[in-house]
Every structure is written in C-alpha cells, then in structure tokens.
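For reference, the structure discussed in these notes is given below.
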2 protein chains.
Amino acid sequence: MTGSKAGPASGKRHTPCDKCPLRGMKAFRDFSARELEFVSQFKVGELSVERGATVLVEGTHSPHIYTVLSGLGFRYKLLSDGRRQIMNYAFPGDLVGLQGVLMGELDHSVEALTPITLCVFERSKLDRLFTRHASLAYDLTWIAAHEERVLDEHLLSIGRRSAVERTAYLLSYIHQRARAVGLVNAGRKAIPLTQQHLADTLGLSLVHTNKTIRKLADRNLVRWQDGGYEVLEADGLLKVSGWEGLKEAGRPFV
Amino acid sequence: MTGSKAGPASGKRHTPCDKCPLRGMKAFRDFSARELEFVSQFKVGELSVERGATVLVEGTHSPHIYTVLSGLGFRYKLLSDGRRQIMNYAFPGDLVGLQGVLMGELDHSVEALTPITLCVFERSKLDRLFTRHASLAYDLTWIAAHEERVLDEHLLSIGRRSAVERTAYLLSYIHQRARAVGLVNAGRKAIPLTQQHLADTLGLSLVHTNKTIRKLADRNLVRWQDGGYEVLEADGLLKVSGWEGLKEAGRPFV
DNA sequence: CGATGCCTTGAGTGAATTCAACGCTTGTGG
DNA sequence: CCACAAGCGTTGAATTCACTCAAGGCATCG
C-alpha cells in the first residue's frame with residue numbers, strides 16, 4: 001500500500017562506503033581497510049522513502065538487509081483489529097531487517113518518521129561475511145544482542161514502570177539516542193514524533209499519554225513543540241524515569 | 001547471595017557433547033562432526049543449581065556463556081524498589097548470557113525455576129568460534145535475532161493486548177515451548193510456575209493475574225494444579241490470545 | 001501443630017480508557 | 001482569498017479496568 005511511495009530516489013547518486021558520513025562519528029567503531037572493502041561491495045544500493053511511508057512490511061520475505069544512512073524510522077507490530085505496538089526506533093547507523101533475512105520472513109513492519117535513506121545489502125553475500133569476515137560477523141551478533149538489551153529495558157518499562165516513569169524513560173531514551181548521532185544539538189531541536197507514536201510505544205492511550213506528557217512539561221522537564229518534543233532538563237527527566245541511561249561505546253554498524 | 005546455593009553438583013560427571021540428549025530432538029538442527037568437535041572443547045564444565053537459586057546476577061561481568069542442558073529458568077530485571085519484570089523463560093537448548101559476554105556486563109539476572117543444569121562455555125574461545133566456525137557464528141546470530149523476535153511479541157502483548165489476551169498468550173507461549181522440548185506430553189504435565197511469575201511477566205498484579213487465570217479456567221482452557229498449570233485446550237487458548245503461535249524449525253543451539 | 005508459601009476472594013480505591021468536543025494549524029480546492 | 005477538511009494536541013466527564021488492602025483457605029514442612 002504505502003510501499004508505492006518508496007524508491008523514486010534510489011538509483012541516483014549513492015554514498016560510497018568509504019565516504020560514509022557515519023564513519024568518524026565517535027559513537028561508532030571504525031573499519032579496517034579490508035572490512036571497508038568488503039562492506040563496499042556488500043552494499044548494492046540505497047533506498048529512500050518519505051515520512052509516513054512503510055519501508056518494510058510484516059510477513060514479507062525480504063532479500064535485503066538495511067542500514068539507516070540518514071533519517072529516522074520505527075519498528076512496529078499490529079494486532080488484527082489495528083492496535084499498534086512500536087517496538088523501537090531506528091537511528092542512523094542502525095541495522096534493520098536482520099530478522100527477516102535470518103529467519104525467512106519479517107515479523108514486524110518499519111515506517112519512516114522522517115525522510116529516510118537506507119543502505120541496501122545483499123542477503124546472498126551474508127555467507128561470505130560469516131566465512132571471511134569474522135569481525136563483521138561478531139558485530140552483527142553484537143548488534144542483535146544489543147537490540148535484545150534495549151528491548152529488555154522497554155519491556156521493564158511497559159511492564160513495571162508507572163505512566164510517568166515510563167514516559168520519562170522513553171523521552172530520555174530517544175533523546176539520548178538522537179544526541180549520540182548528532183540529531184539534537186544541545187537539546188535544542190525537536191524530535192519529530194506525534195503523541196500517538198509515543199502512546200503506541202508506551203502501551204498507553206493517546207489521551208493518557210497527552211496528560212502524562214503535560215505533567216512532565218509542567219515540571220519543565222520537556223516541551224512539546226513543532227510536532228515533536230524538546231528535552232529541557234535531561235538529568236531531571238532521567239531521574240524521574242529511574243533509568244540508568246545508555247552506556248554505549250564503540251557501537252559497531254553494518 | 002543466592003549464588004551460594006550454586007555449584008555443588010558441578011565437577012561431577014559431565015555429559016559429553018557427543019552424547020548430548022538435546023541432539024536428535026527434532027526441534028534442533030544437527031551438528032557436523034567438525035562442529036561437534038569444536039563445541040566439545042568449547043564446553044568447559046557444567047553448572048547445576050536448585051529451584052529458586054540465582055544463576056546469573058545483573059551487573060556481573062561473566063567470563064562464561066551457558067546453554068540450558070536440562071531444567072527451566074527465567075530472565076528478569078528489577079527496579080530499585082523491588083518491582084520485577086520477567087523478560088523470558090529459558091528452556092533446554094536455550095543460550096543464556098550472550099549479552100553479558102559480548103557487552104561486558106550482564107543487564108539482567110537469571111533464576112532457576114526447576115533444578116537446572118547448564119553447559120558452561122569459555123568466553124575466550126568465542127574468537128575461535130567466529131574465525132573458524134562460521135556456521136556456529138551464524139547460529140549465534142540467529143539465536144540472538146530469534147530472541148529479539150520473541151521479545152517483540154512479548155512487548156506487543158504487554159503493550160497492547162488486554163489482560164485476558166495477554167495471559168492466554170503467555171500460557172500458550174510457555175506451553176508451546178515446553179512441548180517443543182518434550183516437557184509436557186500431551187498437555188498432561190503441569191509447568192512449575194507460581195502465579196507471581198506470570199504476574200511479573202505479564203505486567204499485572206498478582207491478584208489480577210489470579211482473577212484473569214480464573215476466567216480462562218472457567219472456560220476450561222487451562223487448569224491450575226500442583227503449583228503450575230496445565231493446558232486443556234491449546235487451540236482455544238491460542239484463539240483467545242490472538243497470537244499465531246511459534247513457527248520454528250531447525251532451531252540451532254550452542 | 002504452628003510456621004510458611006501460595007492460591008483465592010471481596011471490597012474499596014486509584015489509574016487509565018473511552019467518549020466527546022474544541023482549538024489550532026496546514027493544506028486544498030472553489 | 002476564503003471555505004473547508006484533515007491532522008494533531010488538549011481538556012473534561014463518565015466508565016472500566018486494574019491495583020491495593022485485607023483476610024481466609026489449604027497445602028507442605030519442620
């Protein structure tokens with residue numbers, strides 16, 4: 001359905017991996033020359049879609065793995081009656097669709113939150129990655145294990161944190177991740193989400209999410225603005241959530 | 001603290017990998033001779049703990065990875081005030097502690113639900129696994145991605161399914177997994193959980209969990225018995241949950 | 001036979017949901 | 001240029017859901 005919105009920009013001018021803007025960011029580890037060479041020919045294209053478009057569809061049998069080159073997206077599942085649960089957000093450098101490739105079919109969908117560009121990798125070359133590039137295979141496992149860790153924390157939030165706590169947690173989490181890839185300067189840039197997105201991530205209704213955000217806003221911890229939010233007091237927000245925060249270093253990508 | 005209960009049985013008679021009772025179960029893929037040889041020397045011991053004992057502790061820096069050889073356990077996180085969220089259950093064949101090894105420190109704890117025996121693997125040999133045994137490295141990634149998939153479904157349940165739906169889901173999930181490894185014959189064996197475990201998995205209070213189980217019991221879908229539950233009508237239960245069920249084949253292990 | 005652990009039940013309270021409406025902004029077509 | 005619709009945020013009121021509190025029952029175990 002929304003898939004038709006995709007693709008017009010692909011096939012234009014691709015960013016070569018050796019000039020990948022994500023390399024050099026301190027949030028990521030660097031490649032060796034040999035790794036870089038492999039990754040370069042592992043990448044077979046780019047995919048650009050606009051905000052609101054569906055990048056990957058649940059149930060699909062995809063021959064590709066993706067990495068977010070720029071932009072934001074989110075991963076979600078639907079129940080038959082339309083209830084939606086957002087599992088996690090995809091930031092630049094994040095791997096998308098690994099499950100689909102390893103296990104046949106994808107069990108979730110991915111939608112663009114902003115215009116987004118993804119690097120497309122060939123599934124068929126995955127074997128070579130495992131047989132010839134152990135360090136990259138290790139990275140892949142690391143990434144999967146890391147996603148598991150994030151989901152653990154989300155599960156803890158939804159299952160056991162109060163509405164205010166879990167909202168503070170989610171806002172903190174997204175903010176920290178956005179900062180790590182330079183999407184917010186000193187907290188001075190809104191992250192383009194609707195409250196419906198937050199509600200569907202938090203397992204709360206839209207109305208109650210709105211009222212909960214208000215509580216945080218009344219305490220001057222966050223501000224809703226320009227179709228997104230801004231963190232005013234990162235420490236205070238984190239404290240409310242009772243979360244320790246991200247402890248990342250040398251995150252691998254691709 | 002509870003760690004002191006661990007270990008007395010280790011160092012006794014270890015099950016050699018070539019006689020591993022898990023091999024040959026149709027739920028798992030088989031090893032090649034070369035893989036088997038590697039796994040055999042990758043394994044450095046066994047760990048047995050009794051019901052209720054803590055196998056792994058959050059925050060710990062563990063030099064080992066484990067596989068469940070027999071018994072049941074569960075993975076959980078705690079908030080500072082004691083609220084507990086159970087993330088998932090570990091069945092025979094399941095890998096435990098991968099995160100801890102890959103990322104330095106463990107972000108969750110693991111407790112035994114029955115007397116449990118785990119195979120202990122050396123972290124230091126993980127490099128060799130990646131460089132020399134691509135097929136096993138692939139399996140490791142597969143396992144991590146699979147866990148991610150399970151957590152996605154749990155997240156969907158806790159976030160968006162009603163109390164009855166999510167309880168039916170969890171009961172179905174555990175039952176299906178137990179069946180896959182032969183822990184319940186034709187549904188005729190109780191799974192040794194307390195309702196508190198279920199509550200902490202579902203994100204519900206103990207009282208409400210009890211009342212929800214009652215609703216399912218009143219419809220003759222399950223029965224609570226002998227400190228555990230029994231599934232009377234697997235199809236009916238699955239239908240209530242609105243879940244598709246596990247679709248597994250050739251699950252790798254270790 | 002008095003603990004203790006676990007399940008069960010009822011009553012009262014609090015939290016979160018649904019329903020309903022309104023305001024603001026943006027975009028679109030007449 | 002205005003009218004109108006659509007999307008999103010906000011708010012209040014009523015209802016439902018889930019939680020806490022409190023107590024009792026029934027096993028098992030020392």
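Here the structure is a predicted model, which means the values were calculated and not measured. Atom set for the values below is all heavy atoms of this structure, side chains included, hydrogens, waters and symmetry mates excluded. Convention: sequence-line order gives letters A, B, ...; per-chain numbering from 1.
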Nearest-Å distance for atom pair [atom1]/[atom2], residues [X] and [N]:
X: A/Leu113; N: D/dC8; atom1: CG; atom2: C1'; value: 15 Å
X: A/Leu204; N: C/dT18; atom1: CG; atom2: P; value: 11 Å
X: A/Gln225; N: C/dT25; atom1: CD; atom2: P; value: 13 Å
X: A/Ile213; N: C/dA16; atom1: CD1; atom2: P; value: 14 Å
X: B/His208; N: C/dG14; atom1: NE2; atom2: C1'; value: 14 Å
X: A/Lys215; N: D/dT11; atom1: NZ; atom2: C1'; value: 14 Å
X: A/Arg161; N: C/dA15; atom1: CZ; atom2: C1'; value: 19 Å
X: B/Arg160; N: C/dT18; atom1: CZ; atom2: C1'; value: 13 Å

* When we call it a touch if two heavy atoms are under 4.0 Å apart, what does A/Gly228 touch: a base, just sugar-phosphate, or nothing? -> nothing
* To do: Determine, for A/Tyr89 and A/Arg75, whether the Lys NZ or Arg CZ falls below 6.0 Å from the six-membered ring centre while staying within 45 degrees of the axis.
  =>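 Ring-cation test returns no.
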* Determine whether the side chains of A/Tyr229 and A/His175 contain a donor N or O and an acceptor N or O closer than 3.5 Å. =>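 Side chains of A/Tyr229 and A/His175: no pair found under 3.5 Å.
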* **Any side-chain donor near an acceptor of the partner, A/Thr117 and A/Ser48, under 3.5 Å** =>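 The criterion, which ignores hydrogens and geometry beyond distance, is satisfied for A/Ser48 and A/Thr117.
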* **B/Arg84 atom CZ, neighbour heavy-atom count above 12 within 6.0 Å** =>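 Correct, the count exceeds 12.
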Check the phosphate of [N] against [X], side-chain N and O only, distance under 4.0 Å to OP1 or OP2. Yes or no?
X: A/Arg214; N: D/dT11; answer: yes
X: B/Asn210; N: C/dC7; answer: no
X: B/Gln196; N: C/dC7; answer: no
X: A/Gln195; N: D/dT10; answer: yes

Where the side chain of [X] is concerned, which of [options] is the nearest nucleotide?
X: B/Val207; options: C/dC7, D/dA18, D/dT20; result: D/dT20
X: B/Thr194; options: C/dT9, D/dG9, C/dC7; result: C/dC7
X: B/Lys211; options: C/dC7, D/dT11, C/dG10; result: C/dG10
X: A/Trp224; options: C/dA16, C/dT18, D/dG9; result: D/dG9

* To do: Ignoring hydrogens and angles, tell me if any N or O in the side chain of B/Arg160 forms a donor-acceptor pair with the backbone of A/Arg83 under 3.5 Å.
  =>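 Here the side-chain-to-backbone pair does not exist.
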